[in-house]
Amino acid sequence: MTDELELTHVQLEGPRNGVVLIYLNRPKSGNSLHPLLLADALKAIRWASQQSSINVIILSGKGRFFCTGMELKSEEQISFALGCDFHQINKELILSEKILIAAVNGPAIGWGSTCLALFDLVYSVEEAYFFIPIVKWGVLPEASASISFPKIMGYRGASFLFLSGERVMASRAKQMGFVNSILPSENFIEEVVAIAERIGQSDSGAAQETKRLLKLPLIQDLLDANDRECSLLHEERVPGGYIQQAREKFKVEQEEKSKKGKGVKASL
């Protein structure tokens, strides 16, 4: 069934027992949002959302990281314009009728954290951390996080994540209501898949209908927030040179870390 998809930077496993597993697959860059990875991820999620045989979609990352957010190492910058892949992948997550599960296999940075609020269930390994350095890089909340984060953890919790730029470990993220459960790193994906299959093998449609009832009052607010955030990024942050400045600052930091033997091939 997946033969119809041509994917380079995303890997699919399944569908099996009503579940498909989508891996972000640029481990050397920490699965950062290179335009090609973003296009593949959107294609895979959109395809999975249209398959009647799939009830649950799992998103995870290959390698050490779940996702390190916006690509800063490359000059190939993603667009934030309305209708672009970035805008559309957030919209797809908001509107998908499938049960969405995030399997956070490692650090989740920038969009790697903000997108998680659009998932129905979030499982994490203990050593994962969540980090949203938007103030540092001069960008803004995205993936409707300006609405979803305060709803999940209150205004003060959302402000802490967005404004302080501090890393939050999985245990604290669970206390904040951001992570549902922490699972051992050994056999992590297998455990998440087993949970997903228990949900996915139900033929009653109760899981999808329950999701619809829970999410229906929130959908328009999430869509509007996605539009608003992307518009501000596209019309203010990019023309204002903030993205280019972030890329230049990131390059300097990586060069300094490399000299100290601490270089990390990750992005925002």
Side-chain angles (χ1 to χ4, degrees), residues 9 24 26 29-42 65-94 107-118 129-153 155 157-168 178 220-256 264-268:
H9 299 289
L24 304 179
R26 291 186 75 236
S29 74
N31 299 316
S32 59
L33 293 186
H34 185 280
L36 294 178
L37 179 141
L38 184 59
D40 277 0
L42 173 59
F65 293 86
F66 174 69
C67 174
T68 54
M70 185 173 63
E71 172 75 56
L72 291 176
K73 189 176 181 181
S74 169
E75 291 296 323
E76 297 180 74
Q77 178 58 50
I78 62 174
S79 171
F80 299 105
L82 297 185
C84 71
D85 287 348
F86 184 78
H87 176 259
Q88 289 298 304
I89 197 170
N90 297 325
K91 186 175 181 180
E92 196 68 40
L93 293 173
I94 293 167
I109 303 171
W111 185 86
S113 282
T114 56
C115 77
L116 296 176
L118 300 179
Y129 61 80
F130 303 84
F131 179 40
I132 309 174
I134 57 175
V135 171
K136 176 181 180 178
W137 299 122
V139 289
L140 300 169
E142 78 277 280
S144 303
S146 59
I147 289 290
S148 61
F149 273 45
K151 286 185 179 296
I152 291 172
M153 60 193 77
Y155 174 81
S159 294
F160 175 75
L161 280 171
F162 289 141
L163 301 180
S164 73
E166 292 188 32
R167 298 181 181 189
V168 172
F178 191 51
Q220 193 57 55
D221 285 346
L222 292 170
L223 291 171
D224 290 345
N226 184 37
D227 289 352
R228 190 163 52 244
E229 292 162 359
C230 285
S231 293
L232 285 170
L233 284 164
H234 177 67
E235 297 170 9
E236 177 186 312
R237 298 284 109 180
V238 175
Y242 296 101
I243 306 299
Q244 183 59 37
Q245 291 172 25
R247 185 181 293 114
E248 291 168 358
K249 286 167 63 176
F250 178 79
K251 182 179 179 181
V252 170
E253 283 192 6
Q254 290 300 292
E255 288 174 350
E256 291 176 352
V264 178
K265 294 180 180 179
S267 296
L268 197 158

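Reckoned from all heavy atoms, side chains included, excluding hydrogens, waters and symmetry mates. Sequential numbering from 1 along the given sequence is applied to the chain's residues.
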| said: Assess the residue pair L42 and L38 against the criterion (side-chain contact (heavy atoms from CB on, under 4.5 Å)); give the C-alpha distance rounded to whole Å, side-chain angles, the decisive distance to 0.1 Å, and a yes or no. | reply: CA-CA 6 Å; L42 173 59; L38 184 59; 5.7 Å; no
| Worked check of side chain to side chain donor-acceptor pair (under 3.5 Å) between D227 and H87 | CA-CA 7 Å; D227 289 352; H87 176 259; 2.6 Å; yes
| message | With side-chain contact (heavy atoms from CB on, under 4.5 Å) as the criterion, how do D85 and I78 come out once you've worked through the C-alpha distance, each side chain's angles and the decisive distance to 0.1 Å? | response | CA-CA 8 Å; D85 287 348; I78 62 174; over 6 Å; no
| task | Could you walk me through whether F80 and R237 pass side-chain contact (heavy atoms from CB on, under 4.5 Å), step by step? | result | CA-CA 10 Å; F80 299 105; R237 298 284 109 180; over 6 Å; no
| task | Test side-chain contact (heavy atoms from CB on, under 4.5 Å) on V238 and Q77 and set out the steps. | result | CA-CA 10 Å; V238 175; Q77 178 58 50; over 6 Å; no
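In this structure, F178 and A117 approach most closely via the heavy-atom pair CE1-N, 4.3 Å. Across every non-hydrogen atom of A108 and F66, the tightest pair is CB-CD2, 4.0 Å. For L232 against L140, the heavy-atom pair with the smallest separation is CB-CD1, 3.6 Å. The minimum heavy-atom distance linking F162 with T114 is given by the pair CE2-CG2, 4.3 Å. Smallest separation of non-hydrogen atoms from P133 and G110: CD-N, 4.3 Å.
A salt bridge between R26 and E71 is present, with a side-chain N of the basic residue lying under 4.0 Å from a carboxylate O of the acidic one.
In this structure, CG on L161 lies 11.0 Å from CZ on F131, to the nearest 0.5 angstrom. Atom CZ of R167 sits about 13.0 Å away from atom CD1 of I132, to the nearest 0.5 Å. With rounding to the nearest 0.5 angstrom, the CE atom of M70 is 8.0 Å from the CG atom of L233. Distance check: C115 SG to L33 CG gives 8.5 Å after rounding to the nearest 0.5 Å. Taking CZ from F65 and CG from L24, the interatomic distance works out to 13.5 Å, rounded to the nearest 0.5 Å. Atom CD1 in I134 sits 16.0 Å away from atom CH2 in W111 (nearest 0.5 Å).
By the 4.5 Å heavy-atom criterion applied to side chains, M153 and F160 are not counted as neighbours. Considering only heavy atoms from C-beta on, H234 stays 4.5 Å or farther from L82 through its side chain.
Taking the six-membered ring for Trp and thresholds of 30 and 60 degrees, H34 and H9 have ring planes inclined between 30 and 60 degrees apart.
A225 meets the side chain to side chain contact (heavy atoms under 4.5 Å, CB included) test with S144, S146, I147, R228, E229; sequence neighbours excluded. Listed by chain and number, the residues in a salt bridge (Lys or Arg N to Asp or Glu O under 4.0 Å) with K136 are E253 (sequence neighbours excluded).
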